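Being a predicted model, the structure only gives us computed values, none of them experimental.
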Amino acid sequence: MIESWILAFCILGVNFLLAGMIMHSSLKNREEFLRRRKESWGQASNVVYSKDQIENLSVYGKYKSVKESFYIDEITWKDLDMDRVFLRMNQTVSAPGEEYFLYLLRTPKLREEDLQKREKLMRFFAQDEEKRLALQLILAQIPKSGAASIGKKLQALNEAKPIRETKHWALCAAAVFALIFMLFQPVYGFFLFLAVACVNIADYYGAGDRKQVEVHLSCFQSVKRMLGAAKRIKRLEWEEIEECCAPMGQAQENLRAFQKGSYWVSGKDSVSGGVEAVLADLIRMIFHVDLIRYNKMLGEIHGHRDDAECLLDNLGELDCAMAAASFREALPVWCRPSFQNEMRMQVSGLYHPLVKEPVSNSFSLQRGMLLTGSNASGKSTFLRNVAINGILAQTIATCTALSYQAPMSRILTSMALSDNLERGESYFMVEIRSLKRILDAADQEGPLLCMVDEVLRGTNTIERIAASSRILTSLRKEKVFCFAATHDIELTYILEDCYENYHFGEEVRERDVRFSYRLKEGRASSRNAIRLLEMLGYQEAVVESARMAAREFEKTGVWSRV
């Protein structure tokens with residue numbers, strides 16, 4: 001009798017010890033998380049993702065953005081290197097946060113009132129560190145994963161099919177019978193249960209059902225975690241986040257049937273360690289409870305797909321608002337954009353958010369800009385800068401500038417193009433297709449902000465100047481702001497009545513060329529291509545001959561034979 005009490009106390013002591021260790025580890029992790037969040041606030045994100053990882057995270061944003069009235073297309077996204085912009089800003093702590101952030105950046109708003117909710121959240125989180133950290137602790141319970149994103153998992157559900165439950169019910173019943181039998185015949189019952197458990201575990205991992213539903217069980221786990229986070233956030237009862245909590249509350253109600261028994265459904269990404277997790281995994285393997293629940297939960301998700309997306313959207317919105325507020329703090333200078341209906345752009349101190357030591361520029365326009373300048377003088381960077389700030393203005397109400405006034409516009413670019421080997425298209429064909437989509441957009445209602453770098457560079461000089469001058473003329477419309485960079489000085493004269501001429505200059509020295517990267521009014525009056533040949537050590541005869549040929553052409557308008 002005494003030995004039994006000693007054994008019981010030992011078991012109880014071990015349990016208390018394990019519980020204490022788990023609690024201590026949890027508190028340490030919590031403290032470490034809060035420390036990292038405090039240190040990272042107002043700092044540039046140092047997160048690095050591969051191209052495949054970003055593509056994985058982009059699934060939800062791409063799928064959802066095409067339902068919007070306007071979204072940033074693939075050409076513009078790549079032209080502006082928006083993946084790098086996203087990584088620079090990504091201080092999110094949850095899977096919904098970073099997936100929604102990519103969607104957010106792809107869908108600039110076209111009405112100022114659509115940004116008001118986001119602006120209120122950013123101000124709230126910037127001012128109240130305690131509440132911000134409390135919310136981040138909750139959101140972090142939906143961890144980022146290197147595996148399939150939540151959006152990708154939800155997309156995969158479209159192809160998901162039910163499994164045959166009969167076998168799993170039979171295996172579960174066998175395990176339950178063995179447990180009951182063990183109560184009456186402990187020795188025989190134990191060996192029977194051990195045998196049944198081995199068979200069930202072998203079937204769990206060896207048969208095809210588990211492999212078939214693996215990714216979908218992982219999706220269920222993600223939805224379950226989002227429901228748990230939404231429930232905890234609702235308990236906070238903060239008035240400032242009520243606009244996000246209200247739709248999540250309705251989604252929770254609609255997914256009530258999904259939540260029943262959801263504790264026993266798990267995917268690979270849910271393994272968190274600890275005694276509880278190990279026991280839960282054993283129960284799943286022996287009793288197949290997750291496979292038995294699979295069909296029911298699949299039906300619930302299919303019937304309430306919009307509610308799952310609602311959870312992702314609103315949890316993501318909260319996380320993104322904190323990340324955007326942190327991005328603001330990290331900027332040396334920033335401003336809130338001022339939107340107007342008048343077709344005028346007035347920008348002061350604009351700088352590129354990805355350049356380490358940026359040079360700021362200012363301009364005021366009531367029509368398009370034709371930009372000239374030497375190679376490497378800063379034309380392309382400036383065009384990207386204007387377009388990126390247009391996106392930031394209409395997504396997170398933030399510009400990297402002293403002041404920014406412009407109409408809310410659709411944004412399209414045609415810049416960093418290349419030939420398409422898969423479709424067998426030359427650079428010129430790719431370019432004219434890219435320009436055509438801008439011309440089509442110019443015919444639609446509403447303001448358009450477009451960037452064109454080196455119009456029709458893929459063809460000969462005569463046809464390039466003839467065609468590009470007419471294309472740019474057709475973009476000179478009341479509701480279109482077109483920024484175009486060119487090396488063809490002839491265009492600055494042809495289009496003088498349609499576009500305002502600006503340029504970037506340089507200072508040519510004996511051994512190098514210094515660029516100021518300062519935007520100046522008027523057309524460029526200098527060239528540096530031949531000078532760069534000389535600086536890089538080309539043969540003197542080649543350099544001098546090229547220089548003489550250029551001078552001759554400028555005088556006569558005719559190229560002499562070599």
Side-chain angles (χ1 to χ4, degrees), residues 42-45 76 79-82 84-89 105 108 122 324-340 344-409 411 413 415-416 449-453 481-486 499-507 513-526 528:
Q43 301 295 318
S45 172
T76 303
D79 281 348
L80 302 180
D81 202 2
M82 287 300 296
R84 283 185 63 208
V85 175
F86 160 70
L87 291 175
R88 168 70 172 75
M89 303 166 66
L105 291 173
M122 286 188 285
S326 178
F327 173 68
R328 282 179 171 180
E329 292 293 321
L331 295 172
V333 175
W334 69 274
C335 70
R336 294 187 184 91
S338 174
F339 299 111
Q340 57 199 19
R344 186 181 80 246
M345 287 191 72
Q346 192 163 347
V347 182
S348 173
L350 187 76
Y351 66 94
H352 198 298
L354 298 182
V355 176
K356 288 186 177 180
E357 296 181 3
V359 175
S360 62
N361 284 292
S362 305
F363 61 89
S364 180
L365 291 174
Q366 289 185 307
R367 55 180 180 168
M369 176 189 291
L370 194 59
L371 190 60
T372 50
S374 305
N375 297 297
S377 61
K379 299 188 301 298
S380 298
T381 300
F382 175 77
L383 295 185
R384 290 188 177 94
N385 188 10
V386 174
I388 288 172
N389 269 276
I391 293 174
L392 296 181
Q394 295 173 215
T395 53
I396 61 169
T398 304
C399 291
T400 55
L402 292 171
S403 64
Y404 180 97
Q405 293 182 346
M408 301 189 88
S409 309
I411 301 165
T413 67
M415 298 179 66
L449 177 63
C450 58
M451 307 289 147
V452 183
D453 196 7
F481 266 122
C482 178
F483 288 68
T486 181
Y499 286 78
E500 296 186 33
N501 282 313
Y502 281 80
H503 74 278
F504 285 100
E506 75 283 337
E507 180 184 353
V513 177
R514 294 290 180 89
F515 297 104
S516 67
Y517 305 114
R518 294 288 182 187
L519 184 67
K520 302 176 182 178
E521 293 187 16
R523 61 181 61 86
S525 58
S526 62
N528 66 8

Pairs where residues 379-391 contributes a residue and the test side-chain hydrogen bond (donor to acceptor under 3.5 Å, both in side chains) is met, not counting sequence neighbours: Ser380-Asp453, Asn385-Asn389, Asn389-Thr400
Under the side chain to side chain contact (heavy atoms under 4.5 Å, CB included) test, residues paired with [X] that sit two or more places apart:
X	answer
Ala324	Met122, Ile396
Ser348	Ser362, Leu402, Ser403
Tyr517	Val359, Phe515
Glu500	Leu365, Arg367, Tyr502

All side-chain hydrogen bond (donor to acceptor under 3.5 Å, both in side chains) counterparts of Thr486, not counting sequence neighbours: none
Once side-chain hydrogen bond (donor to acceptor under 3.5 Å, both in side chains) is applied, do any residues pair with Ser377, and if so which ones, sequence neighbours excluded? none
Check: [Y] and [X] side chains under 4.5 Å, non-hydrogen atoms:
X	Y	result
Ile388	Val85	yes
Leu331	Tyr351	yes
Leu519	Leu371	yes
Thr413	Leu383	no
Leu392	Met89	yes

Stepwise side-chain contact (heavy atoms from CB on, under 4.5 Å) test for Val386 and Met369: CA-CA 12 Å; Val386 174; Met369 176 189 291; over 6 Å; no
Spacing of Met415 atom CE and Asp81 atom CG [to the nearest 0.5 Å]: 11.0 Å
How close do [X] and [Y] get, counting heavy atoms only, and between which atoms?
X	Y	value
Met451	Leu449	CE-CD1, 3.5 Å
Glu329	Gly42	CB-CA, 3.6 Å
Ala330	Ala44	CB-N, 4.1 Å
Ala524	Thr372	N-OG1, 2.9 Å
Gly390	Ile411	C-CD1, 3.5 Å
Gln340	Arg344	NE2-O, 2.8 Å

Can you list the residues that meet the salt bridge (Lys or Arg N to Asp or Glu O under 4.0 Å) rule with Arg336, with sequence neighbours excluded? Glu119
Among all residues two or more places apart in sequence or in another chain, which pass the salt bridge (Lys or Arg N to Asp or Glu O under 4.0 Å) test with Arg518? none
Stepwise, does the side-chain contact (heavy atoms from CB on, under 4.5 Å) test hold for Lys520 with His503? CA-CA 5 Å; Lys520 302 176 182 178; His503 74 278; 3.6 Å; yes
Just to verify, what does Phe363 make a ring pair (Phe, Tyr, Trp, His ring centres under 6.0 Å) with, not counting sequence neighbours? Phe382, Phe483
Should Arg328 and Thr398 be marked as a side-chain hydrogen bond (donor to acceptor under 3.5 Å, both in side chains) after you check the CA-CA gap, both sets of side-chain angles, and the distance that decides it? CA-CA 7 Å; Arg328 282 179 171 180; Thr398 304; 2.8 Å; yes
Looking only at atom types and distance, does a side-chain atom of Gln394 sit under 3.5 Å from a main-chain N or O of Ser409, one as donor and one as acceptor? yes
Is a donor on one side and an acceptor on the other found under 3.5 Å between the side chain of Ser45 and the backbone of Leu87? yes
So, applying side-chain contact (heavy atoms from CB on, under 4.5 Å) with Cys399, which one of Ser338, Pro353, Cys335 is it? Cys335
Sorted by first residue and then second, give each ring pair (Phe, Tyr, Trp, His ring centres under 6.0 Å) pair with at least one member in residues 383-407; sequence neighbours left out. none
